[in-house]
Amino acid sequence: MNKSRWGLGIIITISTLIILGCFYTPYDPAEIRVSERLQAPSKVHWAGTDHFGRDILSRIFVGGRISLLVGVAAVALGSSVGTLLGLWSGFKGGIWDEILMRFTDGFYALPFILLALLLATVWGPGVPVVLWAIAAGNIPIFLRLSRTQALKIKAELYVEAARALGASNLRLLWAHILPNIRSTLLVQFSASLAGAILVEASLSYLGVGIQPPQPSWGRMLREAQSYASLAPWAVWAPGLFMALTIIGFNLVGDDLIDKR
Amino acid sequence: MGRYLGQKSISFILTALVVSLVTFLILQVLPGDPARLILGTEGSPQAYARLREELRLDQPAGERYLQWLFAFGYGRWGTSLRYGLGVRELVGQALPLTLTIAVLAVGSALAAAIPAGIYIAVRPGNWGAKGLSFLVQIGMALPQFWVGILLIQFLAVRHRLLPAGGREGPLAFVLPVLTLALPRAAVLTRQVRAGTKEALTQDYVRTARAKGLPERVVLFKHAFLNGVFGVLTVAGIQLAQLFAGTIVVEQVFGLPGLGQLLLAGVFQRDLPLVQGIVMVVAVLILLLNWIHDLLLALLDPRLRYD
């Protein structure tokens, strides 16, 4: 059984739907039709309608866009900063290495959500809170990972040989160390994306993430909870999409781990 | 042992200082003028001046940080701006509920994960093990609040088997604890499986089998103890995740714990309250990690002789 093929299949399917959603949705995701409120899934509304009569499937597509965009942007930012700092720290060592390690320890005691709540107190709820909390939270993860790898590879003979041939530090990092840790970083990237989607949804559910009228998966569930006994489909549909996306990223990460 | 403990203690103190610095920088320096932030556009000049004095904003940031840090260390955690009560009293009222849920969740997650993980490691091809692995994969991916809402819908509203939150009787804790424990149990099961699997390939397990010990003894006396070790290591790192989970679960079930208090503080821009709670939580996480390191050293002689 090839796990990553399943994972990739899921990710590609959902991304395609979300990209299609940029150009076409079955209904206007923001259009309120009181006469059609709380309708069960049918041929007209595949995933039913919510308490304002808005089409849930259209809202899922549009809501997924922002979840994925914020997740990818935040993880890309956090991973590149973290990796660069980690490589440098592991390669150079010394007092800066010590200070950076203490800071990463500190961030381990501040989970993403706590960091986001701190930022939300100052900035007010919204997308920047989610973006910066996920980016900042990923820095120590990638820093630690690339630092350990850099320490290990630094001692290898081929690195020593390259250094003896007169390669500069930058060249050593770029041509010898980075290619060796690429697969490890990719695994973590996939796992971090799964985490980012989960964190974004949790924050939006708590009310400090993405704000209405912009639809988001977490926010849809927050609203659906209050009328869940009248319209259980409003809870099922966004949750299922979210869970599938996360499973997809987890599967890709898992398979890469198994291969090594 | 002494050196190991000393190292861990120093790292505990340094890390707590880093957290306090980050918290202070975000809440007190990032906004520029915290008094303006708290009052918004509505405050009168008199209220503004009073608040500036209360928060000691005329003093330089470095001095304020040190004053706050020492006051916090001596147990003076300040006064909540919205509730007018001491932050310490407020935290003291909310903490027991949060801790109860967290401890129960860790306990039940471990109770489920250890047998499940060993089973998957010992009988990997079996249908039961495959089913459990599948459940683990699902358990890690399901958003906690979604599971919570579905559990309320199914068990509390439709079938009326359990109360949906509230605090009447021990049954009220079942659903929140279940929701909180589920993802923890999934992650821990994977860890037990990996630990046991690795232990089963070790020489001492082969020796134990070769000298004819029954498989039961080999599994539980030789492989299991080493498998559990991996779990303990991860259980420590998971504390931070666990607390993040309680914030969400308290919101789902409407439980008045520390998470709800923190959220109220965030929405009302109650800086002293938020600052106090974040510090308490971070120090608690670090303290538990320190105890956890200590326990590891007691269990593993390799750590004691450095």
Side-chain angles (χ1 to χ4, degrees), chain A residues 1 3 98-99 101-125 129 136 191 194-195 197-199 201-208 217-218 221-222 224-225 228-229 232 235-236 238-240 242-251 254, chain B residues 11-12 14-23 26-27 30-31 34 37 137-138 140-150 152-154 157-158 183 237 239-245 247-248 251-252 259 262-263 265-271 274-275 277-278 281-286 289:
Chain A
M1 257 274 268
K3 279 204 225 163
E98 200 56 43
I99 293 173
M101 284 328 281
R102 287 289 84 76
F103 261 91
T104 56
D105 282 348
F107 270 99
Y108 269 107
L110 274 180
F112 287 84
I113 291 190
L114 223 48
L115 200 61
L117 290 179
L118 274 178
L119 289 176
T121 316
V122 176
W123 290 341
V129 168
I197 289 165
L198 204 54
V199 169
S202 307
L203 289 173
S204 299
Y205 173 77
L206 290 175
V208 294
W217 293 344
L221 285 171
R222 178 190 171 93
Q225 190 184 0
S229 30
V235 177
W236 278 104
L240 269 180
M242 192 179 353
L244 263 180
T245 316
I246 296 167
I247 289 177
F249 284 117
N250 274 343
L251 282 178
D254 271 5
Chain B
S11 130
F12 164 63
L14 283 178
T15 317
L17 285 177
V18 167
V19 173
S20 73
L21 191 63
V22 171
T23 312
I26 293 181
L27 288 178
L30 192 66
L37 174 79
Q137 194 65 252
I138 302 275
M140 289 201 310
L142 294 187
Q144 262 175 339
F145 54 96
W146 190 49
V147 174
I149 299 172
L150 291 179
I152 292 178
Q153 265 312 301
F154 194 71
V157 178
R158 188 155 325 151
I237 303 168
L239 285 166
Q241 303 302 323
L242 185 74
F243 183 77
I247 301 181
V248 175
Q251 170 80 16
V252 175
L262 178 59
L263 265 184
V266 169
F267 285 121
Q268 296 166 345
R269 310 207 145 167
D270 193 336
L271 296 192
V274 173
Q275 207 168 344
I277 294 179
V278 171
V281 170
V283 169
L284 211 61
I285 291 174
L286 289 172
N289 266 327

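Letters go in sequence order (proteins before strands), and every chain restarts at 1.
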In terms of heavy-atom proximity below 4.5 Å to chain B, should [X] be classed as side chain, backbone, both, or neither?
X: L115(A); result: side chain
X: P125(A); result: side chain
X: W123(A); result: both

Tell me, do [X] and [Y] make a side-chain contact under 4.5 Å, heavy atoms counted?
X: L240(A); Y: W146(B); value: yes
X: V248(B); Y: I113(A); value: yes
X: L262(B); Y: L114(A); value: yes
X: L150(B); Y: W236(A); value: yes
X: F103(A); Y: T15(B); value: no
X: V278(B); Y: L110(A); value: yes
X: I152(B); Y: Q225(A); value: yes
X: V266(B); Y: L118(A); value: no

With only heavy atoms counted, which part of [X] is less than 4.5 Å from chain A, the side chain, the backbone, both or neither?
X: Q251(B); result: both
X: I26(B); result: both
X: T23(B); result: both
X: V281(B); result: side chain
X: L27(B); result: both

Tell me the closest heavy-atom pair linking [X] and [Y], and the distance in Å.
X: Q137(B); Y: N250(A); answer: OE1-CB, 3.7 Å
X: P143(B); Y: M242(A); answer: CG-SD, 3.6 Å
X: G265(B); Y: T121(A); answer: O-CG2, 4.5 Å

**Asked** For chain A, which of V18(B), I247(B), L17(B) has the most heavy-atom pairs under 4.5 Å?
**Response**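 Ranked by heavy-atom pairs under 4.5 Å with chain A, first place is V18(B).
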
Among [options], single out the residue with the greatest number of heavy-atom pairs under 4.5 Å to chain B.
options: T245(A), V199(A), V235(A), I197(A); result: V235(A)
options: V208(A), V122(A), L117(A); result: V122(A)
options: A120(A), A194(A), S202(A); result: S202(A)
options: P111(A), A243(A), G239(A), A201(A); result: G239(A)

> CZ of R222(A) to CD1 of I149(B): how many Å apart, nearest 0.5 Å?
Replying inline: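 Answer for the CZ-CD1 pair, R222(A) versus I149(B), is 10.5 Å.
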
Which distance, rounded to the nearest 0.5 Å, do you find between the CD1 of I247(A) and the CG of L142(B)?
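Here the interatomic distance stands at 6.5 Å.
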
